[in-house]
*Asks:* 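Please read through the structure below; I'll follow up with questions.
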Amino acid sequence: MGGVKGFIEGGIASIVAGCSTHPLDLIKVRMQLQGEAQGPNAAAQNLRPSLAFQTNSTPSSTVHLRQATAARIGPVATGIRIFKTEGFRALFSGVSATVLRQTLYSTTRMGIYDILKHKWTDKETNTMPLASKILAGLIAGGIGAAVGNPADVAMVRMQADGRLPLSQRRNYTSVVDALARMTKQEGVTSLWRGSSMTVNRAMLVTASQLASYDQIKETILAKGWMKDGICTHVVASFSAGFVAAVVSNPVDVIKTRVMNMKVVLGQRPRYTGALDCAMKTVKAEGPMALYKGFIPTISRQGPFTVVLFVTLEQVRKLLKNF
C-alpha cells in the first residue's frame with residue numbers, strides 16, 4: 001500500500017494545484033507564442049522589424065504595424081486582453097486537459113519519485129544525497145511525461161486556440177474531443193508530438209522542483225531556522241518553484257510552439273523538430289525569446305509548487321494511518 005499511497009497523495013495534490021493555477025498557465029502559453037507569425041509567410045513575418053528586409057515599396061505604416069505586432073505585452077495585459085476579447089471562461093480553456101494531464105503526468109512522476117526516495121534514503125540517517133534526489137527526479141519526470149504527453153498536447157492547443165483567427169480555430173469542446181480529432185485528422189503519432197521536449201522538460205522540472213524542495217526543507221529544519229509546518233513548506237516550495245522555472249523555461253517555450261504547430265497533410269510543417277524550432281525562434285526573435293513567458297511561468301510555477309507541496313503535506317497527514 002505504501003507505494004500506491006505515493007501515487008494517490010501526489011495525484012490529489014497535483015490536480016488541486018493544476019486547477020487552481022490554470023489561468024496563469026494559459027497566460028504563460030499565450031505569451032510564449034507571442035512573436036510567432038500565423039500567416040503563410042511565417043518565416044518573413046516572424047523577423048523583428050530591425051532584422052527584416054525592407055524595401056522602398058514598403059509603406060511606413062506597414063513597418064509600424066509590424067513593430068506594434070512584434071511588441072511584447074506583459075502577463076497582466078495578456079490576461080486582461082483574454083478576458084475582454086474572449087470572456088472569463090476563456091481563462092479556463094483547456095482545464096479538462098489540465099485535469100487529465102495532472103492525473104496522468106503528475107500522479108506518475110510523484111508516485112515514482114516517492115518510491116525511489118524511500119528506496120534510496122539511508123535508513124540510519126534518514127537522509128538522501130542531493131545527487132540521488134536529482135536522479136530520482138529525472139527518472140520520475142521522464143516516465144511521467146511519456147505517459148501524460150497526449151493530455152499535454154491537447155492542453156496547449158486548447159489554451160492557444162483563442163489567439164487564432166476564427167477561421168483557423170480548432171474549437172475543441174473537451175480534452176476527449178481534442179484527442180479524438182487529433183487522432184482522426186493527424187494520426188495517433190500527433191498525440192506524442194513534442195514528446196522529446198515534454199520528456200526533457202519534465203525531467204528538468206521534476207529534478208529541480210522535487211529535489212530542491214526536499215533539499216531546502218531539510219536544510220531549514222537541520223539549521224533550526226523554522227519548525228516543520230506550513231510556513232516551512234511555503235518557503236521551501238516557492239524556492240523550488242523558482243528553481244524549476246529558471247531551468248525549464250527555454251524547453252517549455254519550444255515545447256509549446258511545436259505542440260501548437262498546425263500540420264496539414266502534404267505541406268511541410270513549420271518546424272521539423274525541437275532543434276529546428278529553437279534555431280528559428282532564436283534567429284527570428286533573439287536568444288531571450290526562449291525566456292518568453294518567464295514572468296507568468298514563475299507567477300504560475302511559484303503558486304503551483306506552493307499549492308502542490310502544501311496540499312501534499314496535508315494529504316500525507318490525512319492518509320498517515322492508512
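The figures here come from the full heavy-atom set of this structure, side chains too, leaving out hydrogens, waters and symmetry mates. Predicted, not measured: the structure shown is a model, and the values here were computed from it.
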*Asks:* Let me see the working for V235 and W225 under side-chain contact (heavy atoms from CB on, under 4.5 Å), right down to the final yes or no.
*Replies:* CA-CA 11 Å; V235 171; W225 294 334; over 6 Å; no
*Asks:* Nearest 0.5 angstrom please: F7 CZ to I12 CD1, how far?
*Replies:*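 CD1 of I12 is found 14.0 Å from CZ of F7.
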*Asks:* Looking at every non-hydrogen atom in both residues, tell me the closest pair between A140 and T206 and how far apart they are.
*Replies:* CB-CG2, 4.3 Å
*Asks:* Any side-chain heavy-atom pair from T21 and Q301 closer than 4.5 angstrom?
*Replies:*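 They are not in contact (no side-chain heavy atoms under 4.5 Å apart), so the answer is no.
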*Asks:* Does I230 CD1 have over 12 foreign heavy atoms under 6.0 Å away?
*Replies:*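 Counting other residues, nucleotides and ligands, CD1 of I230 stays at 12 neighbours or fewer.
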*Asks:* Passes side-chain contact (heavy atoms from CB on, under 4.5 Å), E9 versus M110? Steps please.
*Replies:* CA-CA 8 Å; E9 294 166 349; M110 298 290 283; over 6 Å; no
*Asks:* Once you round to the nearest 0.5 Å, how far does CE of M182 lie from CG of L191?
*Replies:* 5.0 Å
*Asks:* Is it true that R170 and Q185 share a donor-acceptor pair across their side chains at a distance under 3.5 Å?
*Replies:* no
*Asks:* Atom CG in L308, atom CG in L210: separation rounded to 0.5 Å?
*Replies:*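 Taking CG in L308 and CG in L210, the distance rounds to 7.5 Å.
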*Asks:* Between R101 and D152, is there a salt bridge with N-O shorter than 4.0 Å?
*Replies:* yes
*Asks:* Hey, what do you get for CZ (R270) to CE (M261), rounding to the nearest 0.5 Å?
*Replies:*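 With rounding to 0.5 Å, CZ (R270) is 9.0 Å from CE (M261).
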*Asks:* Does D161 use its side chain to pair, donor to acceptor, with the backbone of N171 at less than 3.5 Å?
*Replies:* yes
*Asks:* Spell out, yes or no, whether V234 and I216 are grouped together once hydrophobic residues are joined by side-chain heavy atoms under 4.5 Å, including indirect joins.
*Replies:*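 Different clusters.
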*Asks:* Inspect the contact between R257 and E285 and indicate whether a charged nitrogen and a carboxylate oxygen are less than 4.0 angstrom apart.
*Replies:* yes
*Asks:* May I ask you to check whether R30 and T78 show a side-chain donor-acceptor distance below 3.5 Å?
*Replies:* no
*Asks:* Between D252 and K255 (salt bridge meaning N to carboxylate O under 4.0 Å), is one present in this structure?
*Replies:* yes
*Asks:* Could you go through T281 and K292, starting from their C-alpha distance and side-chain angles, then the distance that decides it, and tell me whether this counts as side-chain contact (heavy atoms from CB on, under 4.5 Å)?
*Replies:* CA-CA 11 Å; T281 298; K292 277 188 174 182; over 6 Å; no
*Asks:* Examine I134 and M203 and state if one hydrophobic cluster contains both, with Ile, Leu, Val, Met, Phe, Trp and Tyr joined whenever side-chain heavy atoms are less than 4.5 Å apart.
*Replies:* yes
*Asks:* Flag yes if I80 and I27 sit in one hydrophobic cluster, no otherwise; membership is Ile, Leu, Val, Met, Phe, Trp, Tyr, and two members link when side-chain heavy atoms are under 4.5 Å apart.
*Replies:* no
*Asks:* Specify the closest pair of heavy atoms between A97 and A154, including all atoms of both residues, with the distance to one decimal.
*Replies:*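 A97 and A154 have their closest heavy atoms at CB-C, 4.2 Å.
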*Asks:* I'd like to check F304 versus L24 (side-chain heavy atoms, cut-off strictly below 4.5 Å). Are they in contact?
*Replies:* no
*Asks:* Which atom pair, heavy atoms only, marks the closest approach of Q209 to S212?
*Replies:* O-OG, 3.2 Å
*Asks:* Please step through side-chain contact (heavy atoms from CB on, under 4.5 Å) for the pair D228 and K217, ending with a clear verdict.
*Replies:* CA-CA 8 Å; D228 192 2; K217 179 185 170 185; 3.9 Å; yes
*Asks:* Closer than 3.5 angstrom, by distance alone: can the side chain of S208 be matched with the main-chain N or O of V205 as a donor-acceptor pair?
*Replies:* yes
*Asks:* Decide whether S195 and N149 meet the rule of one side-chain donor and one side-chain acceptor closer than 3.5 Å.
*Replies:* no
*Asks:* So, do N126 and T121 sit near enough that their side-chain heavy atoms are less than 4.5 Å apart?
*Replies:*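 Yes, their side chains come closer than 4.5 Å.
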*Asks:* Under 4.5 Å between side-chain heavy atoms, hopping through other hydrophobics if needed: is there a path connecting L318 to V16?
*Replies:*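 Hydrophobic grouping puts L318 apart from V16.
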*Asks:* Please find the pair of heavy atoms, one from S96 and one from V175, that lie closest to each other, and give the distance.
*Replies:* OG-N, 3.2 Å
*Asks:* Output yes when R157 and E186 qualify as a salt bridge under the 4.0 Å nitrogen-oxygen rule, no when they do not.
*Replies:* yes
*Asks:* What's the spacing between D114 CG and R109 CZ if we round to 0.5 Å?
*Replies:*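 D114 CG to R109 CZ: 12.5 Å, rounded to 0.5 Å.
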*Asks:* Relative to each other, are the rings of Y291 and F294 parallel, tilted or perpendicular (30° and 60° limits)?
*Replies:* perpendicular
*Asks:* Describe, in one word, how the ring planes of H233 and Y213 are oriented to each other, choosing from parallel (under 30°), tilted (30 to 60°) and perpendicular (over 60°).
*Replies:* tilted
*Asks:* Within this structure, what is the OH-CG distance for the pair Y172 and L179, rounded to the nearest 0.5 Å?
*Replies:*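 With rounding to 0.5 Å, OH (Y172) is 9.0 Å from CG (L179).
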*Asks:* Hey, any chance W192 and V156 share a hydrophobic cluster, counting ILVMFWY side chains that come within less than 4.5 Å of each other, even indirectly?
*Replies:*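 The answer is yes; both residues are in one hydrophobic cluster.
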*Asks:* Shortest non-hydrogen contact from M226 to T232?
*Replies:*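 Distance-wise, the nearest heavy atoms are CB-OG1, 3.3 Å.
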*Asks:* For Q102 and S106, test the side chains for any donor-to-acceptor distance below 3.5 angstrom and give the result as yes or no.
*Replies:*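 Indeed, the side chains of Q102 and S106 share at least one donor-acceptor pair under 3.5 Å.
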*Asks:* On a heavy-atom basis, which atom in V153 and which in R193 lie closest, and how many Å separate them?
*Replies:* CG2-O, 3.5 Å
